Amino acid sequence: QVQLVESGGGSVEEGGSLRLSCVASGYTGNTNVMAWFRQGPGKEREGVAAIYTGGGSTYYSDSVKGRFTISRDNAKNTVYLQMNSLTPEDTAMYYCAAAGAPAWQFLLHPDAYTFWGQGTQVTVSS
């Protein structure tokens, strides 16, 4: 089992920045890939960024590419999501997820992930 705990959400004005953190505990051998998803009101859960915790390769959705950066600190079992140039469209609950070995085509698909955190709310006002 893997436990994931997110933090760092909050309210920010348009154009601002936030950094989310996700700490993994338990059997972290199942965290070869970690990702951030988000779900806005009335919307489906959307994958925004993923990272291979071993090699560090990263993947982003088109909606956040160039604005968000995913990174990891393996010594701390922590993955981060630096979010810059935030817009009201980024308002959502943000979830951290972990998986053992999803196919690369599904890195931003929620069905590829086994373990999920409880989420942290991000609200961007205009």
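In this text the structure is predicted, and so the values were computed from the model without any measurement. Residues take their numbers from the sequence shown, with the count starting at 1.
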Discussion item. Can you pull out every salt bridge (charged side-chain N to carboxylate O under 4.0 Å, His left out) where at least one residue sits in residues 96-105? Sequence neighbours excluded, please.
Written reply: none
Practice prompt. Scan for salt bridge (charged side-chain N to carboxylate O under 4.0 Å, His left out) pairs involving residues 113-126, sequence neighbours excluded, and state none if there are none.
Written response: none
Practice prompt. First locate atom CZ of R67, then atom OH of Y60, and finally report the distance between them rounded to the nearest 0.5 Å.
Written response: 12.0 Å
Item to complete: Output all residues satisfying side-chain hydrogen bond (donor to acceptor under 3.5 Å, both in side chains) with S61, sequence neighbours left out; order by chain, then residue number.
Response: S63
Fill in: Donor-acceptor under 3.5 Å (T120 side chain, S7 main chain)
no
Worksheet item: Which atoms form the tightest heavy-atom contact between Q121 and A92, and what is the distance?
Response: NE2-O, 3.4 Å
Discussion item. Check for me, please, whether M93 and W36 land in the same ILVMFWY cluster - side-chain distances under 4.5 Å, paths through other members count.
Written reply: no
Could you list the donor-acceptor pairs under 3.5 angstrom formed by side chains in residues 8-17, with sequence neighbours left out?
{"unit_1": "S17", "atom_1": "OG", "unit_2": "N84", "atom_2": "OD1", "d": "2.9"}

Worksheet item: Relative to each other, are the rings of Y52 and Y59 parallel, tilted or perpendicular (30° and 60° limits)?
Response: perpendicular
Worksheet item: Of all heavy-atom pairs between I70 and T58, which one has the smallest distance, and what is that distance?
Response: CG2-CG2, 3.6 Å
Practice prompt. Please answer whether the main-chain N or O of V124 pairs with a side-chain N or O of T91 as donor and acceptor at a distance below 3.5 Å.
Written response: yes
Practice prompt. Return the set of residues passing side chain to side chain contact (heavy atoms under 4.5 Å, CB included) with S71 (not counting sequence neighbours), or none when no residue passes.
Written response: Y80
Worksheet, complete the sentence: Hits for side-chain hydrogen bond (donor to acceptor under 3.5 Å, both in side chains) against D111, two or more places apart or cross-chain, chain-then-number order -> none
Response to the item:
Rounding to 0.5 Å, atoms CG (L20) and OH (Y94) come to a distance of 7.5 Å
Worksheet item: Does the side chain of V2 come within less than 4.5 Å of T31's, by heavy atoms?
Response: yes
Discussion item. I'd like to check the side-chain hydrogen bond (donor to acceptor under 3.5 Å, both in side chains) partners of K76; sequence neighbours left out, ordered by chain and number.
Written reply: none
Item to complete: Could you list all the disulfide bond (SG atoms under 2.5 Å apart) pairs where at least one residue sits in residues 58-126, not counting sequence neighbours?
Response: C22-C96
Worksheet item: Looking only at heavy atoms, what is the nearest atom pair of M34 and A24, with distance?
Response: CE-CB, 4.2 Å
Response to the item:
Tested for side chain to side chain contact (heavy atoms under 4.5 Å, CB included) against L81, the lone hit among T69, V64, V48, L18 is V48
Worksheet item: How many angstroms lie between CG in L4 and CG in N77, if you round to the nearest 0.5 Å?
Response: 10.5 Å
Worksheet item: Of the non-hydrogen atoms in L107 and A50, which two are nearest, and what is the gap between them?
Response: O-CB, 3.9 Å
Item to complete: Work out which heavy atom in P102 is nearest to a heavy atom in V33; give both atom names and the distance.
Response: CD-CG2, 3.8 Å
Worksheet entry | Hydrophobic cluster (4.5 angstrom, side-chain heavy atoms) - remaining members for L108 | none
Worksheet, complete the sentence: Sorted by chain and number, sequence neighbours left out, ring pair (Phe, Tyr, Trp, His ring centres under 6.0 Å) with Y113 holds for F37
Worksheet item: Taking all non-hydrogen atoms of both residues, which atom of E6 and which atom of Y95 are closest, and how far apart?
Response: OE2-CA, 3.4 Å
Response to the item:
Residue pairs meeting salt bridge (charged side-chain N to carboxylate O under 4.0 Å, His left out), one or both in residues 32-51, sequence neighbours left out, come to R38-E46, R38-D90
Response to the item:
Residues joined to F106 in its hydrophobic cluster, side chain to side chain under 4.5 Å directly or through other members, sorted by chain and number, are none
